Each structure stands twice: as structure tokens, then as C-alpha cells.
Number of protein chains: 2
Amino acid sequence: MKLDAVDIRQAASAADIVYEALRKAIIEGALAEGENLRQDQIAQMFNTSRIPVREALSRLEQHGLITTQRYKGAVVAGLSIEEIEEIFEFRALLEAEVIRLAVPNLDRKTLDLARRHCDDFGKESDSAKWGETNRNFHYSLYEAARRPYYLQIVRASLDRIDRYLRAQLTLTDGMKRAAREHEAIFDACAKGDADMASSLTRDHILDAGRSLVVFLRDQRG
Amino acid sequence: MKLDAVDIRQAASAADIVYEALRKAIIEGALAEGENLRQDQIAQMFNTSRIPVREALSRLEQHGLITTQRYKGAVVAGLSIEEIEEIFEFRALLEAEVIRLAVPNLDRKTLDLARRHCDDFGKESDSAKWGETNRNFHYSLYEAARRPYYLQIVRASLDRIDRYLRAQLTLTDGMKRAAREHEAIFDACAKGDADMASSLTRDHILDAGRSLVVFLRDQRG
DNA sequence: CATAGAAATATTGGATCCAATATACAATGT
DNA sequence: ACATTGTATATTGGATCCAATATTTCTATG
């Protein structure tokens, strides 16, 4: 197990740092599904005691990223195909609505930023960074919806399936398709067509979900 | 501050018990908005140390039910009118979809159960129990959607605004209206009309939200 | 008497220690 | 040889203690 350094601005507590580092490692796939997370081991890694580690693990469990059992420890949670399908269906519903609410509020500056993120995604060859640029693109538009509660849920739902998406996209040509779909979504936003942007976002997510399920069924047998 | 007893079957840890008790107290309004939650005080209440209390508080903060500041402690979180409006809008979107997905799966047994919960709600005079019967009715139908992830989010979003709803319904005649709307939702479900059930659920939630906002604007000045 | 500064108090986050239990492995009997 | 039992080890959850800081109270001074 190997973890990246973290740079949380307002990391008030050690627990926050541990939480963010583990969250990042899990959603990026650096920690494999089923991998054991020993409190002692993590505590030593962060030069801290088990107390903040336990708090971090507790939060990760609340978000469904790990499961714990007393006297046995925590493991990185895995999702069944059915659970993954449900989360994609959920994201399609939610993000389609968020983009619809965002379009009327989009201004020049936001569109320019989204345009840059869209280009970055198209040009990104390092698959490890794919997740970041993807989030950057979508969230730069979503922010305009001014719905912090929606966005919190959007982020949490993406966290759950992000590492499966990344695994698939590094092994298939899904990224090209995603880049094309991003272009279409951006164009609809730039034209101010909320219904179109919403519909395309919905399809974008459902397509990705279907591809991923095919990929996983094959991989898992 | 006074807390109910808890009865969690699989309350593996003291932290679970404290978490559930505090959660219940907050969503029922037994703990007022802004009320201080001192770790020591809570620990003594549950005959335990501050460690499990801290874990419980950390989880409550993740769910947005409290806010904490180092060296100052935790307080029960309050929501602005705008935040409440957002959550009702969110619930309308989500629960309308959940009931739509549920209707095709409804069987005799589930409908009978929902019928009973619907009657219970109409007959319930104790406003303290309103929240439970309301949840029982809606969730008995929602379960049929077989979407555990959706339901988890539905529960969390209701938790955030439940105590405002309860406060309003005890002081207005909103319960009669809610009871009528429940009847209509149930009838649509019994007829197998998913679109109608969805639309009525959406209106039911948006109506409740609007009434609540009027009530709160008046109350808060 | 009012106010500024200092000491006392309250309160949190983290470290270390202890209790409980699951797992692994060795010893023992058939 | 193999199954069973007992023990040693690993690991978690909780209790107690310590460090850091915010708040309050008290005192001294103009």
C-alpha cells in the first residue's frame, strides 16, 4: 500500500488529512478492492496515532468506500455490477438535472473555463490524470447551478464508481468517445440549450455506465 | 438536553449508539438548532468516554446535522431558507423518480402495508409521532423500487429537513393536507399509474416545501 | 468605576494504555 | 496422519492522560 502526499488547505485535523488521503487513494484505484486497511499501519504512515485514523475510517465507511468489521479491520469496499448500474442510473438523473439548472446561469467566464477543461480532457494522455480533468470539466459547468447540496451528492456518487471508470478507460478507447460527448455537451451549454445539455449529459452517463458494465462482466467472468 | 433510549439491534459499538441517539434527537427537534453539544456531557449521558462520542459527532458532521469548531465544540446545524428550498427541490426530483420505479414492483402485500401506514398517518394525533408514520408510509412504497443507493440518499435528505417539517406541522393544519395527498399517492400506486404517482409525489413534496418556507419566513421575520 | 492584562477554566484533538476477540499455529490424542 | 483443542499473536474499540487553545474571570491600574 502506497499513498500520495496530500495538500488540504484547511486540513484542521490529522483525521481530515488521513481521510482525504485514503479517499483519494481509493477513488483513484491506488488501493485495490478488498485490500486490508490496518489502523496501525496507516497511523505509522502518517506519523500519527490510531485515533485520527479511526475517525477517518469511520467517515469513509459512511460514504461507502470501505467496510469494517470489529476485530477484523477495514477493507476497501467493492461494488457488484447491480450496485454500479444503480449508481450510474442515479447519476444520470441527478446530473442531467444539475446541468439543466446550470445552463441559464452560465456566463462568459465560466464557459471559457469549461472550454479549457474540455480541451485538457481531449489532450490528456496520462490516464492517471483522466479522473481530474473529467471532474474539472463537468464540475466547472455544474457550479453554475448554484446548488451546493446537489453537488455534494454528485461528488459522493462519483466517488463510489470513479475507480471502475478509470480502470475501464485506461484499457479501452472510451476516452475518445467521452471527449466527443463532452464537446457536444459544451456546445449545447454555449448555445444556452438546457434541454439538450441535460439530455446529452444523461446519455453521456448512461453510455459510460453501459460500457463499464460490459467491461466488468467480461473482466469478472 | 434530554435524549430517548435507543434500540439498535446491531449496534456494534458505543459510537453507533451515540450516533443514532443524537441523530434521532436532532431530526425530531429534541435538540434545538444552535444547541451546544459538549463531548464530555454526552459521554457522561451514555456512560462512556469521549472517544466514541467524537466518532459519532464526526459522522453527524458528515451528514450535515452538526457543525464543529476546534476548541469550541459542536452545535446543531441550522439551515437557511435557501438551503431548505434546495433540499425540497432535490427531494422532489429524487422521490418522484423512486416512486416511479417502485410502482411496477408493488405487490398485494406491500400495498396492504402502505395502506395501513397511510391510515395510521391520517389517524395520528400525536404530532411527535408524525415523522415516523410519514416515513413509514413513503418508505414502504419506496422499498419496492429496489434501489438501496437511492433510498440511502432519500433518507439522508429527509433527515436534514425533518425537524423543520415537524415544527411546522404541529403548528398548522398541514397534516390534513398531507393526509389527503398521501391518499392520492396511494390510489395512483394501487392503480399501477407510475406517472401519476410520480407527479403527485413531486407535488406533495414541493407543496410541503412551499408551506414550510412561508411558515419559516414568518417565524424568522 | 471602567478597562486592560493575566490567570484560571473549559474544551477539543491526539497519544498511550487496556480489554475483548478473531485468527494462526502448535501440541495432543485417536 | 488427521482432527481438535489450547495458546500466542494480531487487531480493533474504548478509557485515561496530555497538549493546545478559546473563553471567562479576576485583579490591578488609571
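Quick note: numbers below take in every heavy atom, side chains included, and nothing from hydrogens, waters or symmetry partners. Below, chains carry the letters A, B, ... as their sequence lines are ordered, and counting in each starts from 1. All values reported here derive from a predicted model rather than from experimental measurement.
- Nucleotide C:dA15 holds its P atom 13 Å from the CD atom of A:Gln39, rounded to whole Å.
- Checked for salt-bridge contact, B:Asp159 and B:Arg155 miss the test: no charged N lies under 4.0 Å from a carboxylate O.
- Contact annotation: A:Thr68 side-chain N/O to D:dT12 OP1/OP2 distance is not under 4.0 Å.
- Atom CD of A:Glu55 and atom P of D:dT12 are 16 Å apart (whole Å).
- Side-chain N/O atoms of B:Lys72 include none lying less than 4.0 angstrom from OP1 or OP2 on C:dT12.
- For A:Tyr150 and B:Phe90, the distance between ring centers is under 6.0 angstrom.
- Side chain of A:Ser49, nearest nucleotide from D:dG13, C:dT16, D:dT16: C:dT16.
- If you measure from atom CZ of A:Arg50 to atom C1' of D:dA10, you get 11 Å, rounded to the nearest angstrom.
- Listed candidates were C:dT11, C:dA15, D:dG14. Nearest to the side chain of B:Arg38 is C:dT11.
- One can find a donor-acceptor pair under 3.5 Å joining the base of C:dG14 and the side-chain atoms of B:Arg54.
- Along DNA chain C, the nucleotide closest to A:Thr48 and the one closest to A:Arg70 are compared, and the more 5′ of them pairs with A:Thr48.
- For the pair A:Pro52 and A:Tyr71, both in contact range of DNA chain C, the more 5′-proximal nearest nucleotide belongs to A:Pro52.
- Ring centroids of A:His182 and A:His138 are separated by less than 6.0 Å, placing the two rings close together.
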